[in-house]
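To find a chain, count down the sequence lines: A is the first, B the second, and so on, and within it residues start at 1.
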Amino acid sequence: MTEPGQAKDFLSQMILIREFETIAEGLTLRGKVPGGMHNSSGQEAVAVGVMAALKDEDAIASTHRSHHHSIARGMSTQSMMAELFTKSTGCSRGRGGSMHLVDLSRNYFGGNGIVGAGVSIAMGLALGIHILKKNSIAVGFMGDGAINTGRTWESINMAVIWNLPLLIVIDNNQYAVETFMDRVTGGKDFVARAKSFGMSAEVIDGQNVEEVYEATARARERILAGEGPQLINAVTYRYFGHNVGEVGKYRTQEEISDWKSNKDPIDNWISNLLAKKMITEDEISEIRENAKLEIGKAVEFAEASPFPDTNTVADDVDSGSLLRQL
Amino acid sequence: MTEPGQAKDFLSQMILIREFETIAEGLTLRGKVPGGMHNSSGQEAVAVGVMAALKDEDAIASTHRSHHHSIARGMSTQSMMAELFTKSTGCSRGRGGSMHLVDLSRNYFGGNGIVGAGVSIAMGLALGIHILKKNSIAVGFMGDGAINTGRTWESINMAVIWNLPLLIVIDNNQYAVETFMDRVTGGKDFVARAKSFGMSAEVIDGQNVEEVYEATARARERILAGEGPQLINAVTYRYFGHNVGEVGKYRTQEEISDWKSNKDPIDNWISNLLAKKMITEDEISEIRENAKLEIGKAVEFAEASPFPDTNTVADDVDSGSLLRQL
Amino acid sequence: MTVVTYSEAWRSGLREEMNKDASIFVMGTDLQERGGHFSQVKGLAEEFGPERIRDTPISESAMVAAGVGSAMLGARPIIDLNFMDFAYGAMDEIINQAAKIRYMFGADLPLIIRATAGIALFGPQHNNSFESLFAAIPGLSVAVPYRPYDVKGLLKTSLRGSDPVIFIMHKKLTGAKGEIAGEDVFIPFGKARIAAEGSDVLIVTYGYSVEVASKAAELMKTEGVSVEVMDLRTVYPIDYEMVLQRAQDIGRVIVADEAPLFGSITGEIASTISEKLHSSLKAPVLRIGAKRVPIGANPQLVSASIPNVEDYQAAIRKVLTF
Amino acid sequence: MTVVTYSEAWRSGLREEMNKDASIFVMGTDLQERGGHFSQVKGLAEEFGPERIRDTPISESAMVAAGVGSAMLGARPIIDLNFMDFAYGAMDEIINQAAKIRYMFGADLPLIIRATAGIALFGPQHNNSFESLFAAIPGLSVAVPYRPYDVKGLLKTSLRGSDPVIFIMHKKLTGAKGEIAGEDVFIPFGKARIAAEGSDVLIVTYGYSVEVASKAAELMKTEGVSVEVMDLRTVYPIDYEMVLQRAQDIGRVIVADEAPLFGSITGEIASTISEKLHSSLKAPVLRIGAKRVPIGANPQLVSASIPNVEDYQAAIRKVLTF
Ligand SMILES: Cc1ncc(C[n+]2csc(CCOP(=O)(O)OP(=O)(O)O)c2C)c(N)n1
Ligand SMILES: Cc1ncc(C[n+]2csc(CCOP(=O)(O)OP(=O)(O)O)c2C)c(N)n1
Ligand SMILES: [Mg+2]
Ligand SMILES: [Mg+2]
C-alpha cells in the first residue's frame, strides 16, 4: 500500500490536472487557446501513477493529449498554460501549443501531433540510453488509436530485439476521435499483440492510480533487470470530446455518466483514502483550494505574458552549427 | 492426394522455374540483365503450390523476388526473359526489369521493389474485390524480411477488421539479404503475430508442393466462406545470394548443402512421385527437356527483341485523362 | 447557380458521381458519423452506407495501399487523409507505387488522395506545404482549387479520369462560400483562370493565395495600378500556355504562394517564365512565399511566417519600379 | 593526400570521428557483415562492434525514429538507409519530427540520414530524386557531394554539428576515386566550389552532374568556349553568395541536375539568379534536368530520361546565342 505522503501527492496531482484542464477547456471555448486542445479529464490516474514510479533521469515522449503527463512530470503549470495561450513564456515559446508541451530539464521530450510518433521516439530515447550506457528507462505514451499505426509495431519489434529499456503506456481511453477501438482493431487485444512481438505486456485499471503506479514500478524494475521492454495497457476514459467543444453521438450519455459517476479516478481515490482514514475532508479541501490557486496563477501568468516577438519567427530553425568553419 | 496430371504439372512448373532462373542467373553474370535479379531457386514449391490452388479471377501482388510466382501463374517465359533483358517485348516493356514482372491479363498485378509493398497492395486488391462484389480472393506474397515493416501490420489489421478476401503467403526463405530472421524478429513467430491481430495463420513446409497447394486451397475456401483473411508462413530456402553474384558468410556452406541435398522441392517431389509410381524416369527427362527448350526459346526471343524505342520514354507517365474537357 | 461552402462543393460533386458510379468509395478516419474533420462527407454515410463511406483505423500507409490495390482492380477509391500532413506516413504508397504503376505496368490507377493543407492553426506538424513535393513527382497530378466551383469541377474530372490525383484543399477555405455548377460541368486539369483582370502586373498563384492576391489587387487600384490575378487551379499540370501568354502581354510578373519560398513551386514557374520570356519581360519575375520556418502554434508567428497583403503590395510596387 | 573511393571516403571520415566520439553509431540493414549495400561501412563492425554498427530489421520508420530519439538524448546516430528511396517509409519521422524538433523544443538534433540516390540502374522505385524535396524542408540541411574529399569533409562537419543532415551520395560515384584530406579538414555546409574555371558560361550543379558538366566544359574548349562548373556540395544551404557573384561576372548561366526538371531544385536557383541579376545577365538562365518520367529499368531508357553531355553542350551553345 502506498504510504500516506505519496497517497496525498497522487490526489493533489490528479486534482491539479483536473483543475488545469477544466479551466483550460473554458478558456479554449473563449478563444484563448489557438487551435484548441485535447482534454484528458478522466485519465489523470494514468499520468500520475506512471510518473510517480519514474525517476528524474528517465526519459519520456508523449502524444497530442498530454497535459496530464506534463503536470504529473512536474512541469510548471504556468509555462504550460502560457504555452496553451501560445505565449513567449510558454514551455515551447508559443511555437508548439497544447500538443507540444516540453520540458527538456525534466527529460520530458514533448508531446506530438502525429499519432504513433511519440512511442517511436521513446524507442529512440531508449536506444540513446542504451548507447550512452545510462541507468534509466524511456517511456512512450500512446493512445488506443495508435495501436494500428505501423510505426508502433516497427518500434516494438526494435525494442524487443535490442532489449531496449522502453516502457510503453497505452493511455487507452477506448476512442480515437469518434472511433471505438474494437471497431478498428483486429484481434481487439493489445496485450496479446505485444506479447506476440515478444514484449511483456499487461492490462490494468487505468482509473486506479495505485494500480498504475505499482504496475509501472514493476515494469521499470523488470526493464532495469534486463527483462526487456514492457507494455502497459491502462484502460481509462476521456470525459470530453476529442478536441474542445466537440460533442458526438459515437458514445452514449449513459456510458459517459457511468465512467464519471462510478469510475472517476479522483473520486475513487478520495473514497479509498477516506475509508482508510489516510486523509481528512479538510485536507481534501485544502488540496482543491491549492489547485485552484495554482491554476489561477497559471492563467494570470499566461494572460500577462507577451506573445512571441515576431522578429524571432525565423530563429532556431537550425542552430547554424553546420555553417561553421571548424 | 494430388491426382497424377496435377502432380506432373507441379513438377513441370518447378523444373521450368529452376531452368528459367538457372539460365537467367548465368545471363545476368554475363551482363544481360541490367540491375541484376533476385533468384528464387529453392523456393519453387511455394509459388507452384500456391498458384495451383488459385483461380484465374484471383488477384496477386508480389515482391522483388518473384520469377517463380510469375511462371507459376502461367506468364509467358518469353515476355519474362525479355523483361529481364529490359527489352520492349518484355511484360513491362523493359521499364520494370526483374523486380516488376506483371501480367494484368492474368490478374497478376506485379512484383515490387519495395519490401512490404506487395502485401499492402494485395490488401487493396482484396478491398477492390469486396467493393466490386467479385467472387475471388487476393493473394499477397512477402518475404520474411517484410514481417517487420509497419505497413504489413497496418494491412493485416485492415484486412481483419473488414474481413477482406486476402491470403498472405510468406515466402519465408529465412534471410533478408544477409540478415537471419530470428536476429531481427521479436517473438520470432510469424504465425503468433498474425493470430494476435485476429488473422488465421499457419506454418507449413514450403518445400513440399503438395502441402503448399493444400494449405492454399484450404485457406482460399475459408476466405470465400467468410472466415476472414488467412496467412500462410511457408518455410523455404534460397540457394543463391540475395542478388546475382553475391556470396556471403552469413550462412554456412553446410546449411546451404543441407537444404539443397535434403530438402530440395524438386528432388523431393520426384522421389515422392517415383515412389508412388506416378511418374517414370522418361517422363521426367521429357519434362526437363521441355523446360530447356522453352527457356532456350525465351532467351532467343529476348535476345532477338529490340530495346525499347527511346522515343517512347515519356509515354504513359499518365494517360492524359485529366486533361480532357468532358 | 447554387451557393455552397468549399467543403459542401466537395460533397456535392462526390454525391453526384457516387450516384452514377457504384465503384466510387471513400475511406478515412472518422468519416461516417463525424463526416470527416472538415465535414467534407457529412451525411454521405447515411446516403451511401458504411461500405462506401468507410471508417478506417489510423493507418495511413495501409489506407493509401488499399487505394492503390482497389484502383488497380477497377474500383475508384478516394483516400481522405483529413490533413495532408498525415500523407508523410504513406509516401512510399503515393510516390513509389501510385505514381509509377501506369509507367511500369500500363495499368489504370483512378485513385484520389484528398486532404486539407495550407497554413492555418494547429502548429508545426499540421501545417506542411505539399504542392512542390507532389507536383514534382512524375505520374501525379495535383489539384489546388480556390473556389467551391473548382473543387466540384476538378473532383468530377478526377472521378472520370484514370490517373492518380492529389487533391489539396485549403484549411482556411473550408467554410468559404461560392457558386457551384450543376451535374455536367467538369473542369480539366491544367487550365488556369483569371481571378481578376488587370494590365500592369500579373500575379500567378493558387489556393488561398488567390484571396490574398485579389485583396492586394483591389487595394492597388487606389494607387492606379491594375493587377491581374491568375488562379492556376492545378499545380500539375501547370497551364503554361496561359501563364506565358499573360506574362508576355503584361510584362511584369509575380509568382506567389504561402509555402516556404526556398524550394517552393514558385521557383519552377518563375524560372520558366524568366527563361521563355527573357527579352519581353519589363522586370525580373518576383516570387512571394513564406519564410523558411516550421509554422508555430502562435497566430502572430503564423502571420509573420507567411506573406500577407502588404507583402503582396510591396512586391507589386517593386516590380513596377524596374 | 590519400586517394580513395567515394565510399571509402565516407568510411574514413566515419572512422576518425567514431574513434573520437563514443556517442556516434550507425544503424541500417546489412551493415555488419556486408558493410552496407555500397560497402560504405565495410570493416567497421569489426572495429567498433555490433553496438555501434547496428543491423536493423527492414523498418525504415522505426530506424529514423530511433535516430530522432537517441539524438535528442545526446547520442549521434547515423541512419543508413542504403537507398534513399526507402526514406519514403520514414517521411513523417524526417519531416514532421527531425526537421521541426529544434524549432518546437529548442533541442539539439545531431542526426544524419545517409543513403545513395541519383539515377542509375534498378528501375523505377530505386531512382527517385530527393534533392528538392528535402532541401525545401525548413530545418533540414542537405549534402550532395561529388568528390570523395567532400564526402569526408561534409560528413565530419555533420558529426560535429547539432542539426539534422540528409546526406545524399550518388550511386554512380560509389567506386569513383579521389583525394581525401586528413583528420582536421572539415567542410562547412553552404560553401560551393569551382570544379572547373571558365569565363563564358557558368554551370551551377552538384553531385554526379558535376562530372557531366565538366565533360561538357572540356569538350566545349574545342569550340573556343570557356565554361565554368560550380559544384554546390550542399543544396541546402545554397551558397548564393558565390552563385550570384560568378553569375554576375560571367553573365550566362545554366543550372543543371538530373532530377525531373519540373519542380527540381534548379527552379529555385534559376529563379533566384534571374530575379537578383535581371539587368546584368546576358542571356536567360537556362535549366537542364530530366524528363518527367519514372526511371525505367532499361539502360537506354535511363539515358533517354536524363540529360547527357550533348544536352549540356546544346544548352551551352544556346545560352551563348542570346
Ligand atoms: C498519423 C496521424 N493520423 C491522424 C491524425 C489525426 N488524429 C489526431 S488524434 C487522433 C485520434 C487518436 O486517438 P488515440 O490514439 O486513441 O488518442 P486519444 O485522442 O484518444 O488520446 C487522430 C486520428 C494524426 N494526428 N496523426
Ligand atoms: C522498404 C525497403 N527497405 C529495404 C529494401 C532493400 N531490400 C531489398 S530486398 C531486401 C530483403 C528482403 O528480404 P525478404 O523480405 O526476406 O525477401 P527475400 O529477399 O528473402 O526474398 C531488402 C532489405 C527495400 N527494397 N525496401
Ligand atoms: Mg483514444
Ligand atoms: Mg527472405
Peer 1: Is any residue of residues 293-303 of chain C within less than 4.5 Å of chain D by heavy atoms, and which ones?
Peer 2: Val293(C), Pro294(C), Gly296(C)

Peer 1: For the CD atom of Glu93(C) and the OH atom of Tyr88(D), what is their distance to the nearest 0.5 Å?
Peer 2: 12.0 Å

Peer 1: Counting heavy-atom pairs under 4.5 Å with chain D, which one of Asp85(C), Val285(C), Ile265(C), Asn128(C) comes out on top?
Peer 2: Asn128(C)

Peer 1: Specify which of Ser129(D), Ala259(D), Gly267(D), Gly89(D) makes the most heavy-atom pairs with chain C at under 4.5 Å.
Peer 2: Gly267(D)

Peer 1: Which answer fits Ala283(C), side chain, backbone, both or neither, if we ask what part of it has an atom under 4.5 Å from a heavy atom of chain D?
Peer 2: backbone

Peer 1: Of the listed residues (Lys291(D), His126(D), Lys100(D)), which shares the most heavy-atom pairs with chain C below a 4.5 Å separation?
Peer 2: Lys100(D)

Peer 1: With only heavy atoms counted, which part of Ala87(D) is less than 4.5 Å from chain C, the side chain, the backbone, both or neither?
Peer 2: neither

Peer 1: For Pro124(C), is it the side chain, the backbone, both, or neither that has a heavy atom closer than 4.5 Å to a heavy atom of chain D?
Peer 2: both

Peer 1: List the atom of Ser271(C), the atom of Arg287(D), and the distance in Å for their closest heavy-atom pair.
Peer 2: OG-NE, 3.2 Å

Peer 1: Heavy atoms, side chains only, cut-off 4.5 Å: are Ile95(C) and Met91(D) in contact?
Peer 2: no

Peer 1: Could you look at Phe130(C) and say if it's the side chain, the backbone, both or neither that has a heavy atom under 4.5 Å from chain D?
Peer 2: neither

Peer 1: Where on Val255(D) is there a heavy atom nearer than 4.5 Å to chain C: the side chain, the backbone, both, or neither?
Peer 2: neither

Peer 1: At a heavy-atom separation under 4.5 Å, does Phe262(D) approach chain C through its side chain, its backbone, both, or neither?
Peer 2: both

Peer 1: When only heavy atoms count and the cut-off is under 4.5 Å, which of residues 272-280 of chain D reach chain C?
Peer 2: Thr272(D), Ser274(D), Glu275(D), His278(D)

Peer 1: For chain D, which candidate among Ala99(C), Ser132(C), Ala135(C) shows the most heavy-atom pairs at distances under 4.5 Å?
Peer 2: Ala135(C)

Peer 1: Taking every heavy-atom pair that is under 4.5 Å apart, which of Ser61(D), Gly139(D), Ala136(D), Ala90(D) has the most such pairs with chain C?
Peer 2: Ala136(D)

Peer 1: Below 4.5 Å, heavy-atom pairs only: which of Ile94(C), Leu281(C), Asn96(C), Asp92(C) has the largest tally toward chain D?
Peer 2: Asn96(C)

Peer 1: Using side-chain heavy atoms (C-beta onward) and a distance below 4.5 Å, is Met104(C) in contact with Gln125(D)?
Peer 2: yes

